[in-house]
Protein chains: 2
Amino acid sequence: MPRDDLPSAAEGGIPPETSDADRFTNARAIRSTALFEDYTELIADLSEEFGEARITDIARRLGVTHPTANKAVLRLKREGLVNSRPYRGVFLTEAGAAMARAVKARHRLVVRLLIAVGVPAEAAEMDAEGIEHYVSETTLRAFEAYLNSKG
Amino acid sequence: MPRDDLPSAAEGGIPPETSDADRFTNARAIRSTALFEDYTELIADLSEEFGEARITDIARRLGVTHPTANKAVLRLKREGLVNSRPYRGVFLTEAGAAMARAVKARHRLVVRLLIAVGVPAEAAEMDAEGIEHYVSETTLRAFEAYLNSKG
DNA sequence: TTTGAAATATAGCACGTGCTACATTCCCGT
DNA sequence: ACGGGAATGTAGCACGTGCTATATTTCAAA
Ligand SMILES: [Mn+2]
Ligand SMILES: [Mn+2]
Ligand SMILES: [Mn+2]
Ligand SMILES: [Mn+2]
């Protein structure tokens, strides 16, 4: 039977529109896609710079070892985000390229917003790498509106 | 030997102050502490509401199963952030309470900042749950300054 | 054309973070 | 005081994300 020496968490509160659990569940879901977002964005950058994305370059840019990058690329492949053949470069699929575009746009917008509210550029760049993944469409549009309403 | 049919990533660029790898490494480090931050903040909330934090309540608020919460609490304990005895509640240590205070302050500040730049309250609450963990001290101070410079 | 160093791949370890299934303990109502 | 349902704990699975060590492949210089 439920305890009742202490007030139950289930009773006594107006049911909030968004429960705590919803927020945390949302954050967990995003956490599991954040790595893919960073990879696709990076692969897009490398492809533009060098014409292809090599495992070694991916690993060095991310600050991980090659085996880690290689394993991640296999997961990206399984998810249909990249194409790759052994000992060759990694290339984004259409889905991967679409993700890369979205992530890059978000990344830039977050940095711009942070700088606009007075965050030093250095810190803005650093923090944006994590923040970007958690910014919803709604928030993104608000950032855009805010930046447009300025100089 | 290095390829040279394509320009190497190592050459040809001014060494940037903060490398890409630094940003990603920083984000990875934060990701590994984000869960602890959410737990300590939540345990502080439950302790204030009910006088103690029970595993079941923690699990329900986070939207995970009890075994998951239980295992996480064991990790928190190992890290010296909580005290707990079998079949009893979970209590923050001084270190845990300090973390909870810092995280809660950050959480609130992030929500306020988001709302201040025009993000709807609902989205601000949702996004802040992920964003909060990646906001550095520098950025935090910038947020404070920005909010003080407003009504 | 041979060959060796760089690049890439694979094997296997550690640990985190989730789950389900099952065991144990607690404590309220009777 | 005791019986049973709720709470808590534990075992074990899956998979992600990192690592080191080792094997394999590629390609440009000799
Ligand atoms: Mn990122
Ligand atoms: Mn990014
Ligand atoms: Mn959080
Ligand atoms: Mn929080």
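What you are looking at is a predicted structure, and each value in this text was computed from that prediction instead of being measured. A note on names: the letters A, B, ... follow the listed sequences, proteins ahead of strands, and every chain is numbered from 1.
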Under 4.0 angstrom between A:Arg54 side-chain N/O and C:dA7 OP1 or OP2: no

Cluster check A:Val119, B:Leu147: I/L/V/M/F/W/Y, side chain < 4.5 angstrom: yes

Pairwise 5' ranking along DNA chain C for B:Leu35 and A:Ala53, keeping only the more 5' one: A:Ala53

side-chain N/O B:Arg75 vs C:dT17 OP1/OP2, d < 4.0 Å: yes

Salt bridge (charged side-chain N to carboxylate O under 4.0 Å, His left out), paired with A:Arg106, selected from A:Glu37, A:Glu144, A:Glu137: A:Glu37

A:Arg31 side-chain N/O to C:dG18 phosphate OP1/OP2 under 4.0 Å: yes

Which nucleotide in C:dA9, D:dG9, C:dT8 has an atom nearest any side-chain atom of B:Asn70: D:dG9

Short side-chain N/O contact from A:Thr56 to OP1 or OP2 of C:dT8, under 4.0 Å: yes

Base D:dG12 paired with B:Lys71 side chain (donor-acceptor, <3.5 Å): yes

Proximity to the side chain of A:Tyr87 - top-ranked nucleotide from C:dT17, C:dT24, D:dT24: D:dT24

B:Arg88 or A:Leu74, whichever maps to the more 5' nucleotide of DNA chain C: A:Leu74

d(CD1, A:Ile55; P, D:dT26) in whole Å: 15 Å

Side-chain N,O (A:Arg78) to OP1/OP2 (D:dG16) below 4.0 Å: yes

Side-chain N or O of B:Thr68 closer than 4.0 Å to phosphate OP1/OP2 of C:dT17: no

